[in-house]
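Numbering starts at 1 and runs along the sequence shown. This structure is a prediction, so every number in the text was calculated from the model and none was measured. The figures here come from the full heavy-atom set of this structure, side chains too, leaving out hydrogens, waters and symmetry mates.
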Amino acid sequence: MFAGNIATMTVSQEDLDTVAQQLGRVPRGALAIAYRTPDGQPAVVTTAPRLDDGTPFPTLYYLTDPRLTAEASRLEVAQVMKWMESRLATDEALQEDYRAAHEHYLATRNAIGDLGTDFSGGGMPDRVKCLHVLIAYALAEGPQRVRLGTEAVALAAGHGGLRGTALPQDWPTLDQLGITLDEAGEGLA
């Protein structure tokens with residue numbers, strides 16, 4: 001279900017054409033499809049750490065499916081990042097999970113091409129600043145890699161009704177994660 005291994009991922013011209021249609025532009029630095037939706041659409045692209053012209057591009061996993069990008073934006077507007085950051089500030093286990101996810105992200109990206117920086121994405125390891133990145137990372141790597149990304153995917157599934165179409169049917173639910181739409185953001189329930 002989850003790619004998680006860059007060596008096994010591929011990108012076809014058909015996938016690139018679909019991603020271009022999703023984004024409204026030609027994708028830059030696309031190396032592979034890291035996550036494909038249950039209904040068969042490419043949804044997360046693994047990108048090169050440097051674009052063809054040499055420009056650094058630190059976003060390893062790029063969310064492309066319009067259903068998911070729209071839901072990530074709705075969650076951001078609902079202040080989900082603020083809720084996550086408040087928990088991150090006080091929960092040592094969550095801090096450790098986020099730091100480990102940050103280090104794994106860097107190691108994975110550096111295995112493709114080292115940018116010589118400790119910047120990963122989404123605000124890791126100290127802030128939560130982009131749910132698009134966290135959702136893409138969680139979908140590419142699976143629900144055990146980054147807790148806040150797993151939660152963001154579950155929130156998108158619970159709020160957006162995307163389970164089984166854009167999101168895996170068997171992704172952990174809000175109930176299984178012990179969170180509710182009410183507590184996660186303003187106006188989500």
TODO: Determine the minimum heavy-atom distance between Met81 and Cys130, stating which atoms define it.
DONE: SD-N, 3.6 Å
Task: Charged N-O contact under 4.0 Å between Glu183 and Arg87 - done: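 No, this pair does not count.
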TODO: May I ask you to decide whether Asp126 forms a salt bridge with Arg99, counting only side-chain N to carboxylate O separations under 4.0 Å?
DONE: yes
Task: pair Tyr62-Leu23: side-chain heavy atoms closer than 4.5 Å - done: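 They are in contact (side-chain heavy atoms under 4.5 Å apart), so the answer is yes.
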- [ ] Could you check if a side-chain atom of Leu68 sits within less than 4.5 angstrom of a side-chain atom of Leu167, using non-hydrogen atoms only?
- [x] yes
TODO: Tell me, with the steps shown, if Glu71 and Arg67 meet salt bridge (Lys or Arg N to Asp or Glu O under 4.0 Å).
DONE: CA-CA 6 Å; Glu71 192 57 35; Arg67 299 166 293 183; over 6 Å; no
Open item on the list: Does the plane of the ring in Tyr61 sit parallel, tilted or perpendicular to the ring in Tyr137? Use 30° and 60° as the thresholds.
Closed with: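 Tyr61 and Tyr137: parallel rings.
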If we count only N and O atoms by modelled type, under 3.5 Å, do the side chains of [X] and [Y] hold a donor and an acceptor together?
| X | Y | value |
| --- | --- | --- |
| Gln13 | Asp17 | yes |
| Thr37 | Asp39 | yes |
| Thr173 | Asp175 | no |

- [ ] Take Val80 and Leu188, measure what side-chain contact (heavy atoms from CB on, under 4.5 Å) needs, and give me the verdict at the end.
- [x] CA-CA 9 Å; Val80 169; Leu188 288 180; 3.7 Å; yes
Open item on the list: Using only atom types and a distance under 3.5 Å, with no angle test, would you say the side chain of Thr47 pairs donor to acceptor with the backbone of Thr59?
Closed with: yes
Task: Residue Asp52 excluded, over 12 heavy atoms near CG under 6.0 Å - done: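 No, because the 6.0 Å sphere around CG of Asp52 holds 12 heavy atoms or fewer from other groups.
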Task: Over 12 foreign heavy atoms within 6.0 Å of CD, Glu92 - done: no
